[in-house]
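Note that the structure is predicted; figures quoted are calculated from it, not measured.
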Amino acid sequence: MKVTFPDGSSREYDAGITLNQVAQSIGPRLAREALAAVVDGSLADMSTAVEDSAKIRFLTFQDEEGVDVFRHSSSHVMAQAVKRLYPEAKLAIGPPIQDGFYYDIDVEERISETDLARIEEEMARIVSERIPFTRKVLPRQEAMELFEKLGEDYKVELIRELEDDTVSVYWQGDFVDMCRGPHVPDTGYVKSYKLLHTAGAYWRGDEHNKMLQRLYGTSWFDKKDLKAYLDRLEEAKKRDHRKLGKELDLFSILEEAGPGFVIYHPKGALIRTILEDFEKREHLKRGYQIVVGPQLLKLDMWKKSGHFENYRENMYFTEVEDTQYGIKPMNCLSHMLIYRSKIRSYRDLPIRYFELGTVYRHEKSGVLHGLLRLRGFTQDDAHLLCTPEQLNGEIRGVINFVKDVMGVFGFEYEMEISTRPEKSIGSDEDWQRATEALKQALYDEEIPFSVNEGDGAFYGPKIDVILKDAIGRMWQCATVQCDFALPERFDLEYVGQDGQRHRPIMLHRVILGSIDRFLGVLIEHYAGAFPAWLAPVQVKILTITDRSANYAQSVAERLIHEGFRVESDLRNEKIGYKIREARLEKVPYMLIIGEKEAAAGAVAVRHREDGDRGLASLDRFIGNVRAEMLPPVLE
RNA sequence: GCCGGGAUAGCUCAGUCGGUAGAGCAACUGAUUCGUAAUCAGUAGGUCGGCGGUUCAAGUCCGCUUCCCGGCUCCA
C-alpha cells in the first residue's frame, strides 16, 4: 500500500504497519518527536495500524494539533495522579487550553495549592513509569457500565448524551478515562510540566450546577519551553496594572470608598485626560458631534428602552421626591432623545453623537478586577443614526477608525461577531439583517472574523475587537453593535426623499471601550513605560549639585514654556540615586545638569531605555524630541 | 453571586507553642556638594481589615462580616 506525506512524497509499506513504524522508517528524530498523526484527515494514535493506502501527516509539538494532544495527555497524567492520591475523586472533563490544560474533579477533600506539589510528585512517578496510553473502542452500553461501576458519574452523564454507538476509552495502566483521543504514546512524554493553581468551576459552566475543583497546569515538550513560559508568567506579573498603578502613583481603588470605583491620582488623571483629548479631536475630525447626557434618567425611560427588563440586575436605582430614577449603565438614551428633539431629514443623516460617558453597572462582586472590571467607568461611546443605505459605510467607517487608533498604540487585533442571545428584544428578521450588515462590512474590508453564537447585546448583534498586546495577551475593548430595536422603541424617524417617514438604524460603538479599562491594558502593554506623548512626566531634570540649581530651573522653565511636562529633582542626592528614581518612575527623558552643562548652556540627555545620549544644546534637544512629545494626529 | 486562598507600618514582607509586634525601602532630622541604577547616621511611624466569642492572656484559636487575589459565571 502507498502512504503519501504532506510534502507530496510517498512510500510503499505492508498493510498493518503502525504509524510509529512509519515514523521510524523516515527518521529517528521524527519517531521521537511524533505525538500523534492525521490519517486521511482524522486524528490517530501512533500505535494505530494503517491498513490501506493513506495520506499521513505526523503531529509534533510544532503543530497546533500536536500541542493539544500533548496537553490533553498531560491532563490525563494529572488525573491519574489525582486518582492515586484521592481514589474517590470523580472526574469531569480535562481539556487542553491555551498554554496548558486543566481537569475538573469532584472530590470531598479540598485540594489546596500546597497539595499540588504532592500531585506533581505523583505525576513524576507516573511519567517515569512510561505507562502506554492504550485505546479501546467499546459499545456504548459497555462503556456506560464500566464507568457506572467505577462510580464516574460525570463520564456516565457524558456518554448518555453521546450520539455514537461506540465510545473510545483510554487506559493508562489501571487508570481509565473516556476520551476521544488521540494521546501521546506513553506517559513518559510528559516530562516538563507544572501545576499552577486550583479554582472552582461549575459542572458544564452552569452556575446552577455543582461546583467542582479545577486544577490548572501547563506542560511543554521541552524543559526550555516550560522555563520560557514560566518566565512569561513572571513578566506578566511585573506588568500587572494594579501593581504598576500603585508604584507609579496613578490611581487607587479603596475598600472604604467602594469596590469597583477608581480614584485617579494626578498622574493617572493626566494620562486619562490626554487620551480623552486625543479622542475628542479624532472624533470631531470624523464628523462626530460631542454631546453630554445626564447621569440619571427617569425609570420610565429605562422601561421604555428595555433596559429595566433586560439589564435591571446590573443597574443602580434611586428615588427623589417620589420619582424613581435609574443611574445610566449605557449612554444611548440621551443620544436618542437628542435625535428625537426635532424632525430629521434623510439629508441630515448620518448623525454621529459622541460622548465620553461615565456609566455605572452593578457587576457581581467576584468579577471586579483593577481597572479592567469596574462598577463605574467612562466609555468613549458613540451612537450613529443612519439610513439602511448608509449602514454598510458607517460600519466600515467605524472599523477603519478602530484600525487607525489601534495602530497608534501598536496593537494587533482580531474581530469576532456575536449573534442573538436568548434574552433580547426585536424581531428575528431585524436580527438577521443586522447580523448580515456586520458580516458584509467585514467582508468588504477583507477582515477575517470568527462567530460567537448567542453572545450579542440584548438589542442587537455586535462586532468585538480583540487586541493583542506586547506580550501576546488578548484584550477586548472596541465593539460595534447594530441596533434596529431601540429606534423602534423610541419611535425615531427621518423624512426620506419620498416624503415618507422612515426608521433610522442605530449603531452603538466604542473605540477604546472603557477609557479606564483601556488605560489598564495600556499600562500592561507598555509595562508602565508610556510613550512620551502619554507619559505624565516627559522630562525630569536632575542636578549634580545644588550649584547648578539656578540653571536647572531656567531649563525647566523653558521646557514648560515649550509645552513639555517637566519635573525637577534638585535634592542634595548623588546623581546615581536620582537617575535610579527617575528610571523607576519610567520618565522617558532625564536631563542631567552639572557645572559643565551650565557653562555650555547645554543639557546631558539620558533616555530611559538607551541610557546616556550625550551632551546637546537645549534648543537641539527640544527640536529632537518635540514630535514624540505631542499626541499623534491621524490622517 | 459561587469555590479556594489572603488582609500585620506609606510600600514589600517576617512574626515559632496563645504571653502585649519586627526588618528592608519610603518619610522626617542631621551630616555629606558628589558626573549616569541605591552616601552615612539618627528619629518617628501600628486599633495587626472590622465586629463578636473562647481564654488569666488573642496578630496567633473559633464564628460572622468587609475587601483583595486566583478561577467559574458574567462583561466595556
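Residue A:Leu244 contributes atom CG, which lies 13 Å from atom P of B:U12 at whole-angstrom precision. Following rounding to the nearest Å, A:Glu573 (CD) and B:U36 (C1') show an atom-to-atom distance of 15 Å. Rounded to an integer number of Å, the gap from CZ of A:Arg571 to C1' of B:U32 is 15 Å. In this structure, the CD atom of A:Glu207 is 12 Å from the P atom of B:G1, given to the nearest Å. As rounded to whole Å, 18 Å separates atom P of B:G71 from atom NZ of A:Lys364. Atoms CG (A:Leu233) and C1' (B:G70) sit 13 Å apart, rounded to a whole Å. In this entry the distance linking CD1 of A:Ile593 with C1' of B:G35 reads 12 Å, nearest Å.
B:A76 has its base stacked against the ring of A:Phe377, the centroids being under 5.5 angstrom apart at an interplanar angle below 30°.
Heavy atoms of A:Glu595 sit under 4.0 angstrom from at least one base atom. Nucleic acid contact for A:Gly594: base, since at least one base atom lies under 4.0 Å from a heavy atom of the residue. Across all strands shown, A:Ile253 has no heavy atoms under 4.0 Å from either base or sugar-phosphate atoms.
Look at the P atom in both B:C61 and B:U8: the space between them is 15 Å, to the nearest Å. Nucleotides B:G46 and B:G15 place their C1' atoms 14 Å apart, quoted to the nearest Å.
With no hydrogens or angles considered, no side-chain donor-acceptor pair links A:Asp381 and A:Tyr353 at under 3.5 Å. Judged by distance alone, the side chains of A:Thr419 and A:Glu453 do bring a donor and an acceptor atom under 3.5 Å apart.
Looking at A:Arg373, its side chain comes within 3.5 Å of the base of B:C74 through a donor and an acceptor atom. The base of B:U33 has none of its N or O atoms less than 3.5 Å from a complementary donor or acceptor on the side chain of A:Arg547.
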Could I get a table of every N or O pair under 3.5 Å where one atom is in the protein and the other is in nucleotides 2-10 of chain B?
| from | atom 1 | to | atom 2 | distance (Å) |
| --- | --- | --- | --- | --- |
| B:C2 | O4' | A:Tyr202 | OH | 3.4 |
| B:C2 | O2 | A:Tyr202 | OH | 3.4 |
| B:C3 | O2 | A:Gly200 | N | 3.2 |
| B:G4 | OP1 | A:Arg110 | NE | 2.4 |
| B:G4 | OP1 | A:Arg110 | NH1 | 3.0 |
| B:G4 | OP1 | A:Arg110 | NH2 | 2.6 |

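The pair A:Asp240-A:Lys238 does not meet the salt-bridge criterion, since no charged nitrogen lies less than 4.0 angstrom from a carboxylate oxygen.
Surrounding CD of A:Glu609 are more than 12 heavy atoms belonging to other residues, nucleotides or ligands, all under 6.0 Å away. In this structure, A:Glu161 places its CD atom where more than 12 heavy-atom neighbours from other residues, nucleotides or ligands lie under 6.0 Å away.
If you check B:A76, B:U36, B:G71 against the side chain of A:His197, the one that comes closest is B:G71.
The OG1 atom of A:Thr543 sits 9.5 Å away from atom CZ of A:Arg571, with the distance rounded to the nearest 0.5 Å.
In this structure, A:His369 reaches the B:G70 phosphate: one of its side-chain N or O atoms is under 4.0 Å from OP1 or OP2.
The aromatic rings of A:His383 and A:His508 lie perpendicular to each other, with more than 60° between the two planes, well past the 30° mark.
Toward the 5′ end of RNA chain B lies the nearest nucleotide of A:Leu254, the other residue of the pair A:Leu371 and A:Leu254 mapping further downstream.
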